[in-house]
Number of protein chains: 2
Amino acid sequence: MIVKGKNVVYRLDGKLYHCPMDITMKYIGGKWKAVVLWYLKGGTLRFAELKKRIPAITEKMLSIQLHTLEADGLIERKVYGSKPPVRVEYSLTEFGKTLIETLNAISKWGRNLGANRGELVELQEK
Amino acid sequence: MIVKGKNVVYRLDGKLYHCPMDITMKYIGGKWKAVVLWYLKGGTLRFAELKKRIPAITEKMLSIQLHTLEADGLIERKVYGSKPPVRVEYSLTEFGKTLIETLNAISKWGRNLGANRGELVELQEK
DNA sequence: CTGAATCCTCAACGATACTG
DNA sequence: CAGTATCGTTGAGGATTCAG
């Protein structure tokens with residue numbers, strides 16, 4: 001706990017944090033991580049399935065996010081088969097699942113805003 | 001609402017979002033905004049008071065964050081006095097207060113992680 | 001006291017092509 | 001299928017100085 005009036009910080013993985021917000025943001029911040037986690041919250045997904053759900057992401061960025069999330073212990077990567085085409089599945093770890101409540105709160109706020117102030121658009125099939 | 005199987009997105013301020021996570025992250029993403037909002041959640045604060053609570057931020061970045069948050073309608077800026085030194089106070093707007101639940105969730109997760117995996121450090125006074 | 005202005009760096013992000 | 005390699009771009013963030 002942060003003690004009022006004291007100059008106290010957290011050290012985590014050798015890095016100092018003055019605020020818990022910072023810590024969480026290290027894990028889900030950036031342009032893509034929260035979105036990837038959001039879709040994995042629904043269950044195991046393969047690379048191409050994630051790409052399909054997040055059309056705007058490039059394969060490179062998706063690859064980087066997945067490796068980062070795995071290194072952070074939030075997701076698990078399972079490879080099936082040794083010769084291409086291989087099958088790779090991604091899913092939340094138990095640690096990653098502790099984020100679900102937080103992810104829900106973030107999504108809920110965005111959904112409300114989109115519903116109240118935004119406009120729904122149906123895209124044409126290409 | 002996102003309709004399953006349909007290619008539906010939100011349009012908000014002229015920008016398209018495929019995912020509610022994206023929307024929220026536009027408002028609280030980046031290195032500083034969530035932290036600033038977190039401290040303003042506790043009540044009205046002046047520029048120097050915010051700076052004191054977020055030692056790592058530069059005045060430039062704090063200034064930018066505050067203007068961005070104000071432009072997004074999340075915080076309110078009140079100026080007292082016309083001749084320097086002026087007094088400027090920042091506080092959450094009603095719209096900004098709708099984020100409190102989300103901010104709490106984010107902070108809670110970070111606090112738990114800091115408590116479980118991190119280490120508490122007491123800094124020396126300079 | 002509260003910033004704005006300037007200049008700078010660097011990491012995140014992106015487009016495209018290629019591969020085990 | 002699931003990426004990696006390479007190169008290019010962009011913009012967030014930072015250091016410093018100056019101003020109402």
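Throughout, protein chains are lettered first and strands after them, A, B, ... in sequence-line order, and every chain is numbered starting at 1. Since the structure is predicted, the reported quantities are computational estimates derived from the model, not experimental observations.
Annotation for Lys108(A): atom NZ does not count as buried by contact number, only 12 or fewer foreign heavy atoms lying within 6.0 Å. Counting heavy atoms of neighbouring residues, nucleotides and ligands inside a 6.0 Å radius, atom NZ of Lys52(A) does not exceed 12 of them. Heavy atoms of other residues, nucleotides or ligands lying less than 6.0 angstrom from CD of Glu49(B) number more than 12. For Lys41(B), the NZ atom counts as densely surrounded, since its 6.0 Å shell holds more than 12 non-hydrogen atoms of other residues, nucleotides or ligands.
Listed nucleotides: dA4(C), dC7(D), dG13(D). Nearest to the side chain of His67(B): dA4(C). Taking the side chain of Arg77(B) as heavy atoms from C-beta on, and the options dG3(C), dG13(D), dT2(C), the nearest nucleotide is dG3(C). Of the candidate nucleotides dG3(C), dA2(D), dC1(D), dG3(C) has the atom lying nearest to any side-chain atom of Phe47(B). Side-chain proximity of Val88(A) to the nucleotides dC13(C), dG3(C), dG3(D) is greatest for dG3(D).
Under 4.0 angstrom from either OP1 or OP2 of dA2(D) there lies at least one side-chain N or O belonging to Arg46(A). Between dG3(D) and Ser63(A), no contact under 4.0 Å exists linking OP1 or OP2 to a side-chain N or O.
Atom-to-atom, CE of Met61(A) to C1' of dT4(D) comes out at 14 Å; the value is rounded to the nearest Å. A straight line from CD of Glu89(B) to C1' of dG3(C) spans 16 Å, rounded to a whole angstrom. Atom pair Lys83(A):NZ and dA2(D):C1' shows a separation of 16 Å (rounding to whole Å applied). Taking atom OH on Tyr80(B) and atom P on dT2(C), their separation rounds to 13 Å, with Å as the unit. Leu66(B) places its CG atom 10 Å from the C1' atom of dT2(C), with the value rounded to the nearest Å. Taking atom CD of residue Gln65(A) and atom C1' of nucleotide dA2(D), one finds them 16 Å apart after rounding to whole Å. Atom CG in Asp22(B) sits about 12 Å away from atom P in dC13(C), given to the nearest Å. Rounded to an integer number of Å, the gap from CD1 of Ile64(B) to P of dG13(D) is 9 Å.
Screening residues 82-106 of chain B for ring pair (Phe, Tyr, Trp, His ring centres under 6.0 Å), with sequence neighbours left out, gives Trp109(A)-Phe95(B).
A donor-acceptor pair under 3.5 Å is formed between the side chain of Thr93(A) and the backbone N or O of Gly73(A). Of the possible donor and acceptor atoms, none in the side chain of Ser63(B) sits under 3.5 Å from a partner among the backbone N and O of Glu59(B). No donor-acceptor distance shorter than 3.5 angstrom exists from the side chain of Lys33(A) to the backbone of Leu37(A), with no hydrogens or angles considered.
Sorted by residue number, the members of residues 30-39 of chain A with any non-hydrogen atom under 4.0 Å from DNA chain C read Gly30(A), Lys31(A), Trp32(A).
Heavy-atom distances to DNA chain D give each of Glu59(A) and Thr58(B) a nearest nucleotide, and the one nearer the 5′ end belongs to Glu59(A).
For the atom pair CG (Leu50(B)) and CG (Leu66(B)), the distance works out to 6.0 Å, reported to the nearest 0.5 Å.
A rotation axis mapping the C1' atoms of four pairs onto the next four is fitted at both ends of the helix from dC1(C)-dG20(D) to dG20(C)-dC1(D) over five pairs, and the angle between these axes is 60° to 10 degrees.
With a 6.0 Å cutoff to the six-membered ring centre and a 45° limit on the axis angle, Lys15(A) counts as a cation-pi contact of Tyr17(A).
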